[in-house]
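Take a look at the structure below.
Naming: A, B, ... by sequence-line order, numbering from 1 per chain. We use all heavy atoms of the structure for the numbers below, so side chains are in, but hydrogens, waters and symmetry mates are not.
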Amino acid sequence: MSFLNLEEKVGELRGKLKKAYNELLFKHGPQGWWPFVEDGEVIYHPNSYHFPKEKFEVFIGAILTQNTSWKNVEKALINLYEENLLNAEEIIKTPPQKLEDLIKSSGYYRVKAKKLKEAANFYLSLKAPPSRQALLSVWGIGKETADSILLYAYNKPFFIVDTYARRFLSSLNLIEGKEPYDRIRALVEASLEKDFRIYNEFHALIVEEMKRRVKK
DNA sequence: TTCCAGGCAATAC
DNA sequence: GTATTGCATGGA
């Protein structure tokens with residue numbers, strides 16, 4: 001493939017992605033991610049890009065939602081809120097069995113309780129925002145969870161490649177579907193301006209769009 | 001009843 | 001590097 005053709009490919013992708021983003025934004029509106037707990041209920045905050053005062057709440061949600069519907073996670077988050085456990089210090093202090101019991105609705109509760117404690121220790125050791133590599137070194141934090149944290153807790157422009165993103169990009173014929181995580185991420189990140197707000201909305205919009213498509 | 005949901009680590013090849 | 005498996009609840 002010649003250099004010119006490669007340039008054309010990237011240009012084409014850039015146009016298609018931005019168009020898809022604008023269409024989703026028009027269709028669904030700003031999504032107000034990351035959802036967090038306020039006054040005992042999980043809320044969204046469209047257009048404010050306001051994230052929890054406690055960034056660790058994003059760690060908690062991102063871990064609990066691994067291969068699990070967000071609705072099941074919300075119950076766990078509210079349980080933790082009611083026990084005043086939505087922060088790293090308290091997660092560490094809580095006995096494993098109590099933690100497991102509170103997050104039971106999110107599934108895999110034994111593994112996830114351990115993951116929360118690992119993440120809490122990591123979080124408290126931070127003196128600056130973590131790198132992607134540092135996050136990935138934590139037991140229980142994989143690529144998608146790391147990118148969710150970087151994007152929604154630290155406002156870094158990372159594209160989250162989840163099952164919805166794969167299906168969405170496949171439906172646009174931009175990927176085949178089974179490409180490695182980082183290849184897809186690099187492809188999108190090379191084609192969008194480095195504005196965290198776009199990545200914030202895009203990921204949330206893709207989730208919303210694909211959830212609705214499934215229901216039909 | 002089966003199938004899936006905002007994955008990850010361990011293991012085997 | 002890719003393929004498979006255990007982890008577990010709640011809703012459709």
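Side chain to side chain, A/Asn200 and A/Tyr49 fail the donor-acceptor criterion of an N or O pair below 3.5 Å. Side-chain N/O atoms of A/Tyr109 and A/Asp101 include no donor and acceptor closer than 3.5 Å. Residues A/Thr145 and A/Gln66 bring a donor and an acceptor atom of their side chains to less than 3.5 Å of each other.
Nearest-nucleotide positions on DNA chain B for A/Ser69 and A/Gln66 put A/Ser69 closer to the 5' end. Between A/Asn67 and A/Lys71, the residue whose closest nucleotide on DNA chain C is further toward the 5' end is A/Asn67.
At the heavy-atom level, A/Val161 lies nowhere under 4.0 Å from the strands shown. Within the nucleic acid shown, A/Ser106 has no heavy atom closer than 4.0 Å to any nucleic acid atom. When heavy atoms are screened at a 4.0 angstrom cut-off, A/Lys112 is found touching no nucleic acid atom at all. A/Ile141 comes within 4.0 angstrom of the backbone, heavy atoms only, and of no base.
Take A/Lys55 and apply the side chain to side chain contact (heavy atoms under 4.5 Å, CB included) test, not counting sequence neighbours, and it matches A/Phe51, A/Tyr123, A/Ala153, A/Tyr154.
No more than 12 heavy atoms of other residues, nucleotides or ligands shown are found within 6.0 angstrom of CZ on A/Arg197.
Going from atom CG of A/Asp147 over to atom P of B/dC8 covers 9 Å, rounded to whole Å. One atom, CZ of A/Arg213, and another, P of B/dA5, lie 15 Å apart when rounded to the nearest Å. Distance OH (A/Tyr109) to C1' (B/dC8): 18 Å, rounded to an integer number of Å. Rounded to whole angstrom, the span from the CG atom of A/Asp162 across to the P atom of B/dC8 amounts to 10 Å. Residue A/Asn72 contributes atom CG, which lies 16 Å from atom P of B/dC4 at whole-angstrom precision. As rounded to whole Å, 18 Å separates atom C1' of B/dC4 from atom CH2 of A/Trp70. To the nearest angstrom, C1' of B/dC4 lies 13 Å from NZ of A/Lys211. Rounded to whole Å, atom C1' of B/dG7 lies 14 Å from atom CG of A/Leu116.
Bounding nucleotides for the chain A contact on DNA chain C, 5' to 3', at a heavy-atom distance below 4.0 Å, are C/dC7 to C/dG11.
The CD atom of A/Glu118 sits 16.0 Å away from the NZ atom of A/Lys112 when rounded to the nearest 0.5 Å. In this structure, A/Ile63 CD1 and A/Ser148 OG are separated by 10.5 Å, a value rounded to the nearest 0.5 Å.
Between A/Arg167 and B/dC4 there is no side-chain N or O to OP1 or OP2 distance below 4.0 Å.
Within a heavy-atom distance below 4.0 Å of DNA chain B, no residue of residues 199-207 of chain A is found.
A tilted orientation is assigned to the rings of A/Tyr152 and A/Trp33, their planes being inclined by 30° to 60°.
The P atoms of C/dA8 and B/dA10 are separated by 14 Å, rounded to the nearest whole Å.
Distance alone, capped at 3.5 Å, is enough to place a donor-acceptor pair between the A/Ser105 side chain and the A/Asn72 backbone.
The shortest side-chain heavy-atom distance between A/Glu193 and A/Ile198 falls under the 4.5 Å cut-off.
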